[in-house]
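Report on one structure; see the data block that follows.
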Amino acid sequence: MATSRPTMKAWLYSHTAGGLEKNIHLDTSARTPSPPRPNEVLVQVLVASLNPADYKVPEMFLGLAAKLVIGTPATPGMDFCGLVIALGSNVTTFTTGQLVYGCPSRPVKFGSLGECLCISADLIAPVPEGVAVEQAAGIGIAGQTALQSLDGYVMAGDKVFINGGSGGCGVFAIQIAKNMGCHVTATCSTRNVELCRGLGADEVIDYTVERDLSATLQERGVVFDHILDHIGLPYDLYFQCHHFLKPEGVFLQVGANSMSTHVGRVGWPRLLGGGRRKYTIFFFANTQAHIVAIGKMLQKGTLKVHVDSEYEFEDAVKAFDKLRSGRTRGKVLVHVSKQ
């Protein structure tokens with residue numbers, strides 16, 4: 001793709017009413033990003049990987065986030081792998097034609113479901129030798145989230161409970177926790193039990209069989225050193241966690257179906273049955289060091305991106321439908337352009 005090309009193919013949205021995927025359309029002559037600023041890199045996107053934040057953030061506050069924070073019309077998507085096609089004047093660590101991967105820190109106006117995007121050179125890394133483009137594209141948000149939800153919280157020998165082991169973040173969290181030497185117990189549905197075991201989980205709880213998860217965990221006693229909750233259900237999981245999470249342990253809320261989960265768990269007083277362990281809401285921190293670290297894990301083979309499904313660029317709406325279904329097993333990829 002020539003750097004002077006004034007237009008590109010991109011999926012665009014201006015509204016999010018009824019769901020972002022119901023409002024995006026493919027524009028074959030969309031405006032390309034401005035030339036890279038001094039510390040930026042212009043990238044031709046080869047593969048994009050979708051995350052729930054790609055639609056949840058633009059839909060926030062009845063769609064006002066899309067208009068006031070992101071700016072419309074905008075292209076969704078954050079995670080990507082692509083080719084460097086232009087460098088800002090201060091960028092010396094990358095070269096044109098180089099394969100890179102990464103993600104912006106939040107949804108932006110020119111996202112990864114467009115043929116090219118601009119991004120800070122501090123938020124990308126070279127694709128390690130031997131790592132496939134599809135693997136590199138899938139680790140930006142979810143891979144970093146998994147690493148950050150464990151690093152500094154656990155050490156070898158700790159017992160970790162992961163609520164939601166087969167989702168975009170869960171599949172990474174299981175593998176990284178095992179790499180750290182932890183004993184991992186994860187939840188998932190029946191169809192994903194073998195997947196979680198294959199990723200390294202020592203124990204898997206099928207929540208479609210064990211209907212009362214909190215009671216099931218209480219039977220084990222106070223054994224866990226750390227809890228990652230990617231789901232927010234069952235609602236009483238945090239309020240009952242003192243029965244199975246050690247006093248010094250942290251209940252880390254990585255994801256939830258509703259903001260009310262965070263509000264209720266934070267606000268409900270202990271005197272009236274609220275939680276008795278430290279409750280922390282996870283906040284994503286996009287850092288090059290973590291992107292590089294996860295890339296090295298991929299290269300060594302100690303971490304793999306489990307791909308749920310792959311779509312051609314013209315089928316991006318179907319990719320979003322699959323993502324929103326809540327039944328994904330790992331990452332949803334979209335092939336944007338050819339190398």
Side-chain angles (χ1 to χ4, degrees), residues 1-12 24 26-36 40-51 54 75-88 91-104 108 110-143 288 291-292 294-301 303-320 322 330-339:
M1 177 184 292
T3 59
S4 60
R5 181 177 172 180
T7 62
M8 65 177 181
K9 293 181 181 180
W11 285 92
L12 299 175
I24 58 175
L26 181 57
D27 191 332
T28 59
S29 58
R31 182 168 65 90
T32 57
S34 301
E40 289 182 335
V41 173
L42 182 66
V43 177
Q44 176 190 346
V45 179
L46 299 177
V47 178
S49 174
L50 301 186
N51 296 280
D54 292 329
T75 296
M78 289 184 283
D79 289 3
F80 71 89
C81 181
L83 289 165
V84 174
I85 53 177
L87 302 169
V91 178
T92 59
T93 52
F94 296 97
T95 59
T96 56
Q98 188 173 21
L99 271 175
V100 296
Y101 66 105
C103 58
V108 292
F110 293 95
S112 58
L113 285 183
E115 288 184 301
C116 58
L117 56 78
C118 268
I119 188 168
S120 169
D122 293 334
L123 299 179
I124 60 175
V127 175
E129 185 177 354
V131 174
V133 170
E134 291 78 9
Q135 292 280 299
I139 63 176
I141 301 290
Q288 188 179 58
I291 293 222
V292 170
I294 298 169
K296 290 180 178 178
M297 294 180 200
L298 287 177
Q299 188 178 37
K300 292 177 181 177
L303 184 75
K304 293 183 179 179
V305 176
H306 186 83
V307 177
D308 173 274
S309 48
E310 299 182 54
Y311 295 86
E312 294 305 313
F313 191 49
E314 292 74 18
D315 294 324
V317 173
K318 294 180 181 178
F320 270 113
K322 183 60 181 293
K331 302 303 297 179
V332 175
L333 305 182
V334 178
H335 293 270
V336 177
S337 63
K338 297 189 183 298
Q339 190 170 346

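Residues take their numbers from the sequence shown, with the count starting at 1. What you see is a predicted model; the values in this text were computed from it and never measured.
With hydrogens and angles disregarded, no donor-acceptor distance shorter than 3.5 Å links the side chain of Y101 to the backbone of Q135. A donor-acceptor pair is defined here as one N or O able to donate and one able to accept, closer than 3.5 Å; no such pair exists between the side chain of D79 and the backbone of C103. The backbone N or O of T95 lies less than 3.5 Å from a partner atom in the side chain of Q98, making a donor-acceptor pair. Distance alone, capped at 3.5 Å, places no donor-acceptor pair between the T96 side chain and the A86 backbone.
Expressed to the nearest 0.5 Å, how far CD1 of I139 lies from NZ of K304 amounts to 15.0 Å. The distance from atom CG of L12 to atom CG of L113, rounded to the nearest 0.5 Å, is 10.0 Å. Q339 contributes atom CD, which lies 8.5 Å from atom CD of Q44 (distance to the nearest 0.5 angstrom). For the atom pair E40 CD and C118 SG, the distance stands at 5.0 Å (nearest 0.5 Å). Distance check: L83 CG to K338 NZ gives 13.5 Å after rounding to the nearest 0.5 Å. In this structure, the separation between CG on L303 and CG on L298 is 5.0 Å, given to the nearest 0.5 Å.
Between I294 and I291 there is no side-chain heavy-atom pair separated by less than 4.5 Å. You'll find the side chain of V41 stays beyond 4.5 Å of the side chain of V100, heavy atoms only. The shortest side-chain heavy-atom distance between T32 and E115 does not fall under the 4.5 Å cut-off.
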Inset, instruction - Verify side chain to side chain contact (heavy atoms under 4.5 Å, CB included) between I24 and V317, making sure each step is shown before the conclusion. - result: CA-CA 8 Å; I24 58 175; V317 173; 3.9 Å; yes

Inset, instruction - Starting from the C-alpha separation in whole Å, work towards a yes-or-no answer on side chain to side chain contact (heavy atoms under 4.5 Å, CB included) for V332 and F320. - result: CA-CA 8 Å; V332 175; F320 270 113; over 6 Å; no

Inset, instruction - Dump the intermediate steps for side chain to side chain contact (heavy atoms under 4.5 Å, CB included) on L26 and E314, then the final yes or no. - result: CA-CA 7 Å; L26 181 57; E314 292 74 18; 4.3 Å; yes

Inset, instruction - Check the pair Q299, E129 against side chain to side chain contact (heavy atoms under 4.5 Å, CB included), reporting the backbone distance first and the verdict last. - result: CA-CA 7 Å; Q299 188 178 37; E129 185 177 354; 4.0 Å; yes

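Residues passing the side chain to side chain donor-acceptor pair (under 3.5 Å) test with E310 are H335, sequence neighbours excluded. When the side-chain contact (heavy atoms from CB on, under 4.5 Å) test is applied to K318, the partners found at least two apart in sequence or on another chain are Y311, D315. Remark: P104 pairs with M78, V108, I119 by the side-chain contact (heavy atoms from CB on, under 4.5 Å) rule, at least two apart or across chains. D27 meets the side chain to side chain donor-acceptor pair (under 3.5 Å) test with S29; sequence neighbours excluded. Residues meeting the side chain to side chain donor-acceptor pair (under 3.5 Å) test with D54, sequence neighbours left out: none. Residues passing the salt bridge (charged side-chain N to carboxylate O under 4.0 Å, His left out) test with D308 are K322, sequence neighbours excluded.
Shortest non-hydrogen contact noted between P128 and G295 is CG-O, 3.6 Å. The heavy-atom pair separating P126 from F94 by the smallest distance is CD-CE2, 3.8 Å. Annotation for R31 and F110: closest pair O-CE2, 3.3 Å, computed over non-hydrogen atoms. Listed here is the closest heavy atom pair of C116 and I85: CB-CD1, 4.4 Å. When all heavy atoms of G114 and T75 are compared, the pair lying nearest together is N-CG2, 3.5 Å. Smallest separation of non-hydrogen atoms from W11 and P76: O-CD, 3.4 Å.
Shown are I124, V336, L46; of these, the side-chain contact (heavy atoms from CB on, under 4.5 Å) with F80 is made only by I124.
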